[in-house]
Amino acid sequence: MASFKVNIPIPAPSGSSAFTQTLKVCLAASAYGVPAQFVKVSGQTNISLEIPKENKILIEANAIVRYFAAIGSKPWLKSGEEVLKDSALIEFEESGQGIKAADVAERAISKANFSADPALPPSPAEIILFSNLWDLASTSTSDDGSTLANWLIRIIGTEWAKIGTEQAITHTTDKLVTKSDGKGVGKGAVKGVSIPAHDTPREMIQRINEGTGMKIRDPNESILPIHGERNILITSALPYVNNVPHLGNIVGSVLSADAFSRQEKCYLLYAKARNYNTLYICGTDEYGTATETRALEEGVSPRALCDKYNVLHAEIYKWFDIGFDYFGRTTTDAQTEIAQDIFLNLQKSDFLVEESMTQLFCEKHQGFLADRFVEGTCPKCGYEDARGDQCDTCGLLLDPFELINPRCKLDGTGPIKRDSKHIFIQLDKLQPEIEEWVNKASEEGQWSKNGRIITESWLKTGLKPRCITRDLTWGTPVPVPGYEDKVMYVWFDACIGYISITANYTKEWKKWWKNKDEVKLYQFMGKDNVPFHTVVFPGTKIGTREGNWTMLHHISTTEYLQYEGGKFSKSRGIGVFGNNAQDTGIPPSVWRYYLLSSRPETSDTQFVWQDFATKNNSELLANLGNFVNRLIKFVNAKYAGVVPNYTTGINDLSFGQYKESVNALLKSYIEELENVHIRAGLEKAMAISGEGNRFLQDNKLDNALFTNSPEKAAAVVGYGLNLVYLLSALIYPYMPATSESIVKQLNAPPRAIPDVWDVDGLLPGHVIGRAEYLFSRIEEKQVQEWKNKYGGKQEVDARDAKKEKKKGKPAAKQQNAKREDSASPSPASTPTANVEIRPVV
């Protein structure tokens, strides 16, 4: 291995940061077997490593230690959780949270639990922490009995530490340590010198151009439409309460809406970054047969089940940094009041009719059976425990009357057919008005392609009356005499949940939902839910004859996110669900980035672990993370954290091409997100980060530029820092926590997304904060661990084994003639269909 050139800053007097840096690198070279040539450089404040073969220079001691750990002849060969833990310790040291204080150091070392095997090289964090704590080593004794003292003494006794400290003494001007003769090791005091606990504190002066910041609302004030402003109401499909959402559920509705909202708040967050007046509403959909069924399986009441899962959903979305303005539920008094009012207005307007429909009835417990309460043999595959709405084995959607040998799920009794009276909404009478509205709204709001296709298919088939009541107890009561034992069908009143949840957020909910001229409604969902939001819910509002309802402006739908070539399955342990994502230790920003960059906007996409790691390592870490970290570290090292006067050099003609490129991409970014092309918007943001890296590379931001061309160096830094500030705004819709980390490091408030970018956000004299790592590398070993863990090798649900045993081919053969007709019919053509359809994923 060729020798590396290490430039050591001198003088490095006792107690200086320069000595600590030198000690770190000398220890790492010794521990990892890296040949190094040490050169003293006067006037330099930071140690640096020249790597000619890779055409780069490392200018930060911790980075050099990590680099030596990877390429030395005695490398630190760890991965997975050990790497994450080590990185966390280094980040803690870099945060300046008092690691040099004895009590803080004691806690940190105790938790670190470093290996005591002398045959193994130390971890990078061990070297870095030891170098910071060298002053404590001078007073540590084995009599202390503390973990810290024993650790310091053990390190000092290693061969690599002895060689490294001697090199640090030799290559610095002042001898900062007294060389131990070894007599005190393990028995008494270890001699040395003290190093100050902290670098000199800096005054965090802010010099920021007015008008660049994002508007921050008072969280105690309700968000209401403002006359004359762009008012955006955003909803995501209400997740059904009885299960844990998987990644496909999350990206299809709540995450996509959150991203848009952050722009409008990617559209919510985009909207807020554009300073639009935005409200984002969501909550759990809790009524219906599925809730009753799950409650029965768990032996609890429907209310108790909903209470449990509402909290679970809220916790998962909170971890994913989903920025709801309000997350509610549908089982409220407001839901009953508003849904019944809409029902009665439909009745008053003569759009409701009573009809009879045939259902299965259990004579033993004297009750009508909803589809999910009927079980029997699947006519297609012969599985003996198929439900009345779907077969879990082959996936066939069913009518309960198609089951062979149907039985009641509650008591096993064979049901009989019996007629029951129900209320139907006459969508056929409303079709001309619905169709007129769809033609106008889909064009003005630029609906997503699959949203248009699905809606047009329903209308082309022709709308039919649809039943809006059910023989259940868990649901919204029907306000009609004789219907005391029935409730509203959940597909009818679930969309009304958006309104009632808003009503629970603010008593002035009508300003959002009955304000068609001043409010634009954006709705996000998977493609399954499209017709309920583009036909049924709008038709319901039209039918009330209350003319000021806020109607759908834009619908953003997704196809399916598949898992490693197959489907997500909770029972089979296949796929990553909301709570699993937390268990990996990967931060929410990385999950959000991967899901939104893979958002299935026009066709199905795949979640692939290898691709997940590649996007993290090659895009987040190597592109965005590298650009931000390189600049902030350079400014801290060369300018003591103060933004230099870049005004004289910023008009360098060569900078023009880069600025033009950035603004062209910014324009495309805004256009994409205004049209709710969330994935394309993210691509543009990352392209701007790539332009930042190209700018630094082309202008050779390094020690030589700083020394030989100070005016240009200041201009490059000013341009780069302001581009970092812009990027903090552009990625805010996608990775809010990463955006917050960047503005924290910049010591700046959240930035708004401008129409045109200029180098004028962070002004000369502004003081930035310390550098922090935005992302960490995902190792191949971790990828394999996660693939195995979430690839179906978890314990299989007992029901799956039962399914295999109960497959009855003879029963399937009896219904062979029906196979060609077994596909699910269009909901528009089956007004009495018994399959419960919900406007949620």
Side-chain angles (χ1 to χ4, degrees), residues 4-12 17-18 21 37 39-61 63-64 202 205 207-209 623 626-663 688-727 745-747 757-771:
F4 290 86
K5 182 181 177 182
V6 178
N7 299 308
I8 295 177
I10 59 169
S17 173
Q21 295 178 53
Q37 175 189 359
V39 178
K40 300 177 183 179
V41 180
S42 61
Q44 183 171 300
T45 58
N46 272 47
I47 199 165
S48 63
L49 172 68
E50 297 182 12
I51 313 173
K53 287 187 176 181
E54 297 181 29
N55 193 28
K56 67 181 179 182
I57 298 175
L58 297 182
I59 60 171
E60 200 271 331
I64 298 172
R202 64 180 63 164
I205 298 169
R207 294 201 65 211
I208 298 168
N209 195 8
N623 180 357
N626 177 68
F627 177 55
V628 174
N629 196 256
R630 180 180 176 184
L631 267 167
I632 293 179
K633 283 190 173 182
F634 190 88
V635 175
N636 273 287
K638 299 300 182 184
Y639 301 97
V642 180
V643 177
N645 184 4
Y646 57 78
T647 56
T648 55
I650 201 64
N651 293 321
D652 188 319
L653 293 178
S654 66
F655 288 11
Q657 60 171 312
Y658 302 102
K659 186 177 174 182
E660 287 178 9
S661 179
V662 167
N663 273 309
I688 290 175
S689 177
E691 283 295 298
N693 280 305
R694 183 172 74 92
F695 174 79
L696 296 186
Q697 186 68 24
D698 290 352
N699 286 281
K700 297 179 171 56
L701 181 64
D702 57 18
N703 293 335
L705 185 70
F706 173 77
T707 302
N708 301 325
S709 305
E711 185 176 290
K712 182 172 183 179
V716 172
V717 165
Y719 179 100
L721 282 178
N722 275 286
L723 189 56
V724 168
Y725 197 22
L726 173 67
L727 278 166
Q745 293 177 59
L746 292 175
N747 181 35
W757 174 72
D758 206 349
V759 187
D760 62 357
L762 304 178
L763 303 176
H766 176 83
V767 179
I768 69 171
R770 308 289 183 182

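Values below: every heavy atom of this structure, side chains too, minus hydrogens, waters and symmetry copies. Just so it is clear, the structure is predicted and the values come from calculations on it, not from any experiment.
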Notebook entry, point to check: What distance do Tyr646 atom OH and Leu763 atom CG have between them, rounded to the nearest 0.5 Å?
Noted result: 5.0 Å
Next item on the list: For a side-chain contact (heavy atoms from CB on, under 4.5 Å) with Val635, tell me which candidate from Leu746, Val717, Val642 qualifies.
Entry: Val717
Next item on the list: Mind checking the CG-NZ spacing from Asn46 to Lys638? Nearest 0.5 Å is all I need.
Entry: 6.5 Å
Next item on the list: Report yes if some heavy atom in the side chain of Glu60 is under 4.5 Å from a heavy atom in the side chain of Asn629; otherwise report no.
Entry: no
Notebook entry, point to check: Do Ile688 and Leu723 come within less than 4.5 Å of each other through their side chains, counting heavy atoms only?
Noted result: yes
Check: What heavy-atom pair brings Val759 and Gly718 nearest, and what distance separates the two atoms?
Finding: CG1-O, 3.6 Å
Margin query: If I take atom CZ from residue Arg694 and atom OG from residue Ser661, how far apart are they, to the nearest 0.5 angstrom?
Written below: 6.0 Å
Next item on the list: Could you check if a side-chain atom of Ile10 sits within less than 4.5 angstrom of a side-chain atom of Lys40, using non-hydrogen atoms only?
Entry: yes
Next item on the list: Measure from the ring center of Tyr719 to the ring center of Trp757 and say whether it is less than 6.0 Å.
Entry: yes
Notebook entry, point to check: Tell me, do Leu58 and Ser48 make a side-chain contact under 4.5 Å, heavy atoms counted?
Noted result: no
Checklist line | Smallest separation among heavy atoms of Ser689 and Asn623, with atom names | finding: OG-OD1, 2.7 Å
Checklist line | Taking every non-hydrogen atom, the tightest pair across Val767 and Asn747 | finding: O-ND2, 2.8 Å
Note to self: Any non-hydrogen side-chain atom of Arg630 less than 4.5 Å from a side-chain atom of Leu696?
What the structure shows: yes
Item checked: Heavy-atom check, side chain of Lys659 versus side chain of Asn663, under 4.5 Å -> yes
Note to self: If we count only N and O atoms by modelled type, under 3.5 Å, do the side chains of Asn722 and Asp760 hold a donor and an acceptor together?
What the structure shows: no
Next item on the list: Test Ile8 against Val41 for side-chain contact (heavy atoms from CB on, under 4.5 Å), laying out the working first.
Entry: CA-CA 6 Å; Ile8 295 177; Val41 180; over 6 Å; no
Notebook entry, point to check: Considering only heavy atoms from C-beta outward, does the side chain of Phe627 approach that of Leu727 to under 4.5 Å?
Noted result: yes
Next item on the list: Please report the closest heavy-atom contact between Asn636 and Gly769, naming both atoms and the distance.
Entry: ND2-O, 2.9 Å
Item checked: Expected output: side-chain Asn699 to main-chain Leu701 donor-acceptor under 3.5 Å -> no
Next item on the list: Considering non-hydrogen atoms only, spot the tightest contact between Ile650 and Phe655 and give its length.
Entry: O-CD2, 3.6 Å
Next item on the list: Kindly compute the distance separating CZ (Arg207) from NE2 (His766), expressed to the nearest 0.5 Å.
Entry: 10.5 Å
Check: Do Ile47 and Ile64 come close enough that some side-chain heavy atom pair is under 4.5 Å?
Finding: yes
Check: At what distance, to the nearest 0.5 angstrom, does CD of Glu50 lie from CD of Gln37?
Finding: 9.0 Å
Notebook entry, point to check: In Å, rounded to the nearest 0.5 Å, how long is the span from CD1 of Ile51 to CZ of Phe4?
Noted result: 6.0 Å
Checklist line | Heavy-atom closest pair, residues Lys633 and Ala63 | finding: NZ-CB, 4.5 Å
